Colleague: 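Just dropping this structure here.
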Amino acid sequence: MDRFDGDLDAVVARAGAAGVDGVIVVGSDLASSRAAVELARARQRMWATAGIHPHDARHANLEALEEIARLARRPEVVAVGETGLDFYRDLSPRIEQERAFRMHLSIARQVAKPVVIHDRDAHSDILRVLRSEGLPPAGGVMHCFSGDQAFAEECLAMGLLISIAGPVTFGNAVRLHEAARAVPMDRLLVETDCPYLTPHPYRGRRNEPAYVVEIARKVAELKGLPPMEVAARTTANAVRLFRLG
Ligand SMILES: [Zn+2]
């Protein structure tokens, strides 16, 4: 994303210093998916995803989706997405979002890679589409999970992993805290979703990969585990899901 253009090397150096062992750079449209692949080609311990975010679903025509499928076959690309449904901002018509989501699930099946699902205010529709299409065999993750414990349990029953982001560090996130406690350690990921959703105590600044430490720390507190154990387990889960070399 262009918010990292000015200081990418420093951002990467801070991530390394914080103990971040690798970074998945997420594509959200054609241009950012291409850029993510280029970054992953150029740098060690970086991987990419390719997808068209539900915000941009109205641009996800067949030609664009063919390009996503082509990118998704590349060795640097470890997942298809972001895809899913965003009924909070509704930046694309819902029918277009659902069509694009279904097409991304089909691409994930074709390329045998997992899917990164974005869900905002669309929990029941995400499950409806997944039940009708089936989760791709390589699995998937509910990224930046925003539901409660009951929804987490439905996602787990579908075979998905649950990824926790910065909002878990906010004091008022009681339902998210309950959900994080309920997810078994072998099904849990942590992420930044940077440059968005900056965790406490950095709220108000641009988010960056080094801050994933704050999310792991909060999850460790919620689960009563040492932070290093949460770091090791979530890293192992990411390596397994995304088949990171
Ligand atoms: Zn998202």
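Just so you know, ligand 1 is whichever comes first in the structure, and atom 1 is the first atom listed for that ligand. Computed from a predicted model, the values in this text were never measured in an experiment.
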Colleague: Will you find, in the side chains of Ser32 and Asp29, an N or O donor that is under 3.5 Å from an N or O acceptor?
Modeller: yes
Colleague: With 2.8 Å as the threshold, which protein atoms of type N, O or S lie near the Zn ion (ligand 1)? Leave waters out.
Modeller: Glu82 OE1, His118 ND1, His143 NE2
Colleague: Side-chain contact, heavy-atom cut-off 4.5 Å: Glu208 with Thr198?
Modeller: no
Colleague: Donor-acceptor check, side chain of Lys113 to backbone of Ala108, threshold 3.5 angstrom: yes or no?
Modeller: no
Colleague: Is Arg102 salt-bridged to Glu133, going by a charged N under 4.0 Å from an acidic O?
Modeller: yes
Colleague: Taking atom types as modelled and ignoring hydrogens, do the side chains of Arg203 and Thr169 form a donor-acceptor contact shorter than 3.5 angstrom?
Modeller: no
Colleague: Consider side chain to side chain donor-acceptor pair (under 3.5 Å). Of Gln97, His59, Glu82, which one does His53 pass it with?
Modeller: Glu82
